[in-house]
Amino acid sequence: MIKVDLIPPMQCTKCRRPAIIYQRYSGLHLCESHFIQDLETKAKRAIRNHRWIQPGDHIGVAISGGKDSSALLYFLKKILSPRRDVDLVAITIDEGIRDYRRPEATREIASGLGVKCITASFVEEYGIPLDHIVLQKGDAQSCSYCGVLRRHLINKVAREYGLTKLALGFNLDDEAQSTLMNVLRGDASRLRRKTVPFPGMVPRIKPFIYVPEREVALYSFLHVKGFELGRCPYSHNALRAEVRQMLNLYAWNHPSTKHSLVNLGEELSGISPSSESGERGICGRCGEPCGTICRSCQILDEVRQWS
Ligand code: SF4
């Protein structure tokens with residue numbers, strides 16, 4: 001007769017119902033309803049503490065169709081539906097990544113949640129998909145090109161639609177990785193840079209900044225149908241991928257590390273007196289806010305020289 005050791009299901013620390021998640025950093029087991037309550041409390045607290053949503057705001061949620069942005073759209077729709085003084089719209093950017101980016105699936109997620117979705121694409125805006133840029137320039141910098149051009153386009157679209165805030169699905173892991181990447185690059189100016197609104201740039205809000213990635217993923221599984229599970233074919237090129245792996249390994253034994261890094265990033269970002277606004281101008285070519293030179297126009301010039 002075969003003996004099987006049965007592991008008893010864990011109980012929720014708060015109510016003794018079956019737990020669906022264990023938070024290593026808090027030591028809590030949580031059932032579905034206490035998990036949802038915990039996540040939403042953290043996100044609402046982030047919004048309140050940063051004063052991210054004000055009466056009269058028109059908020060654009062940048063959605064890619066992935067778990068983070070889909071979960072964010074669901075959450076914001078849920079908390080803002082009762083309010084008549086705040087509008088919500090989704091924005092999706094089609095970078096032109098074959099067999100990965102599917103704007104129609106993203107639009108379905110938004111319509112399933114009852115939110116209007118605006119779509120813009122690299123091909124319509126720049127005349128070239130990301131796949132062709134990568135073909136021409138090699139794939140080592142694919143995420144850097146993609147990020148610059150996507151930020152540029154999403155800001156332009158948000159301004160054209162009169163949006164007052166752009167909500168991004170960045171989670172605790174993303175923020176911790178960004179801080180660590182700046183440390184590893186020795187980029188003190190980025191670490192110390194205080195992000196303040198400047199003309200032409202629609203302010204960003206990040207309600208999931210204190211919620212770990214796996215919890216955002218679980219929240220998305222519980223609430224959103226049809227989000228993208230695949231990985232971008234270029235994601236292996238990002239320095240972020242290496243940093244993610246390293247940080248996850250370290251955080252396994254030191255569960256509060258990601259929270260510490262986010263706190264460090266926030267503390268340092270308040271230090272520098274030279275805010276971004278002082279260095280910003282308007283690109284003479286595309287009219288978007290930029291530093292001394294618009295990086296998007298620079299990339300597009302390089303790409304066009306090759307074609
Ligand atoms: Fe763009 Fe890189 Fe993200 Fe792919 S992984 S969508 S190339 S930023």
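Hydrogens, waters and symmetry mates are skipped; everything else that's a heavy atom, side chains included, is used. Both ligands and their constituent atoms are indexed starting at 1 by order of listing.
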Between Glu32 and Arg17, is the closest basic N to carboxylate O distance under 4.0 Å? no
Looking at Lys165 and Asp57, is any side-chain nitrogen of the basic one under 4.0 Å from a carboxylate oxygen of the acidic one? yes
Going by distance alone, is a donor N or O of one side chain under 3.5 Å from an acceptor N or O of the other, for [X] and [Y]?
| X | Y | result |
| --- | --- | --- |
| Glu302 | Gln136 | no |
| Asp187 | Ser189 | yes |
| Ser69 | Ser64 | yes |

Which protein non-hydrogen atom lies closest to [atom], naming both residue and atom, and how far is it?
| atom | value |
| --- | --- |
| atom 1 (Fe) of ligand 1 | Cys146 SG, 2.3 Å |
| atom 3 (Fe) of ligand 1 | Arg150 NH1, 4.3 Å |
| atom 2 (Fe) of ligand 1 | Cys143 SG, 2.3 Å |
| atom 4 (Fe) of ligand 1 | Cys232 SG, 2.3 Å |

Under 4.0 Å from a heavy atom of Ser235: which atoms of ligand 1 are those, numbered in the order shown and with their elements?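 Ligand 1 atoms under the 4.0 Å threshold to Ser235: 5 (S).
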